[in-house]
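Residue numbering restarts at 1 for every chain, and letters A, B, ... go by the order of the sequence lines.
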Number of protein chains: 2
Amino acid sequence: MTNAHDVLFRTLSDPTRRAIFERLCRQGEQTVGALTAQSGVSQPAVSKHLGVLRQAGLVRDRHEGRQTHYSAQLAALSPLTDWTNQMNAFWQSRFDDLENLLKRMDQ
Amino acid sequence: MTNAHDVLFRTLSDPTRRAIFERLCRQGEQTVGALTAQSGVSQPAVSKHLGVLRQAGLVRDRHEGRQTHYSAQLAALSPLTDWTNQMNAFWQSRFDDLENLLKRMDQ
DNA sequence: GGGATCGATAACCCGGTGGCTATTGATTGA
DNA sequence: TCAATCAATAGCCACCGGGTTATCGATCCC
């Protein structure tokens, strides 16, 4: 019963992890070393975060010699956009119902 | 350094809590009792979740006699929409840079 | 081949958080 | 007035998750 929204929200809820993802969005492909250098946490911590991001489909890894390059997969954000749109839709639909109700009451 | 995104993502990352918020979006104002009835957790748990949602600005409470009515505050979601838009913007801007580079190389 | 670097994994610790039961405070209504 | 209901709070517990250090495997370069 664990859906795409769960994974996305949970993955992005950690500030350190979200910062890593943001950096990959801003500056494109980065090595683990580069990401570690400005993350404020240890290299194993960064690797763990990257693992979580990868499992959520938010990043890809590309191996090149002994270093690994990570890049953001922006398409993976769409369930999140969909979710907010859906919430807005529900809200709007209820608003329309209210409008209809008022119209009927007006007659 | 804890910004609006932190609060939103963290608040919505819990499935139970997000389900409560979704229900308030779908069906509008609800009492704690009604929300508890279909949440699968105890009433105190629901109250705690509502407290977190309220602190995040995602819900309002309205007291009426001995029962409390909660409703979704959809506007509070905008930082989330902004964030995804920003990520897309970064991505797009890097893509444009690549395009420009290719154009320059083409000449 | 051998030392150095890079990144992943293992093993562990600790704090936060979501759950529970019990209780309290307030309001309702018989 | 008093029992019952509603929601919030208190107090507790168990688990998860993010951090660390240590280590390993692999690759690079001398």
Student check: side-chain heavy atoms of Phe9(B) and Arg18(A) closer than 4.5 Å: yes
Residue-level proximity of residues 20-37 of chain A to DNA chain D when a heavy atom falls under 4.0 Å: none
Boundaries of the chain A footprint along DNA chain D (any atom under 4.0 Å from a heavy atom): dG18(D) to dC28(D)
Side-chain N,O (Tyr70(A)) to OP1/OP2 (dC6(C)) below 4.0 Å: no
With Glu29(B) via side chain to side chain donor-acceptor pair (under 3.5 Å) - residues at least two apart: Arg62(B)
Spacing of Leu53(A) atom CG relative to dG7(C) atom C1', expressed in whole Å: 16 Å
Sugar-phosphate, base or nothing in reach of Ser47(A), heavy atoms under 4.0 Å: base
Residues in side-chain contact (heavy atoms from CB on, under 4.5 Å) contact with Leu8(B), at least two apart in sequence or another chain: Leu58(B), Pro79(B), Leu80(B)
Residue pair Gln67(B), Val32(B): steps toward the side chain to side chain contact (heavy atoms under 4.5 Å, CB included) verdict: CA-CA 7 Å; Gln67(B) 53 193 5; Val32(B) 177; over 6 Å; no
Qualifying residues under side chain to side chain donor-acceptor pair (under 3.5 Å), relative to Arg66(A), sequence neighbours excluded: none
Step-by-step side chain to side chain contact (heavy atoms under 4.5 Å, CB included) determination, Leu50(A) to Ile20(A): CA-CA 8 Å; Leu50(A) 288 169; Ile20(A) 291 174; 3.9 Å; yes
Kindly give the atom pairs (protein nitrogen or oxygen, nucleotide nitrogen or oxygen) under 3.5 Å for nucleotides 14-19 of chain C.
residue: dG18(C); atom: OP1; partner: Arg17(B); partner atom: NH2; Å: 3.2
residue: dG18(C); atom: OP2; partner: Arg17(B); partner atom: NH1; Å: 3.3
residue: dG19(C); atom: OP1; partner: Thr16(B); partner atom: OG1; Å: 3.0
residue: dG19(C); atom: OP2; partner: His49(B); partner atom: NE2; Å: 2.2
residue: dG19(C); atom: N7; partner: Lys48(B); partner atom: NZ; Å: 3.3
residue: dG19(C); atom: O6; partner: Lys48(B); partner atom: NZ; Å: 2.7

Shared hydrophobic cluster for Phe21(A) and Trp91(B) (ILVMFWY, side-chain gaps under 4.5 Å): yes
Set of side chain to side chain donor-acceptor pair (under 3.5 Å) partners for Glu22(B), sequence neighbours left out: Trp83(A)
Polar pairs (N or O, both sides) under 3.5 Å between protein and nucleotides 22-30 of chain C?
residue: dT27(C); atom: O2; partner: Arg66(B); partner atom: NH1; Å: 3.4

Listed partners of Arg10(B) passing side chain to side chain donor-acceptor pair (under 3.5 Å), at least two apart: none
Asp82(A): partners by side-chain contact (heavy atoms from CB on, under 4.5 Å), with sequence neighbours left out: none
Qualifying residues under side-chain contact (heavy atoms from CB on, under 4.5 Å), relative to Gln86(A), sequence neighbours excluded: Phe90(A)
Pair listing, side chain to side chain donor-acceptor pair (under 3.5 Å) test, anchored in residues 35-48 of chain A, at least two apart: Gln43(A)-Ser47(A)
Within one Ile-Leu-Val-Met-Phe-Trp-Tyr cluster: Val46(B) and Val52(B), side-chain cutoff 4.5 Å: no
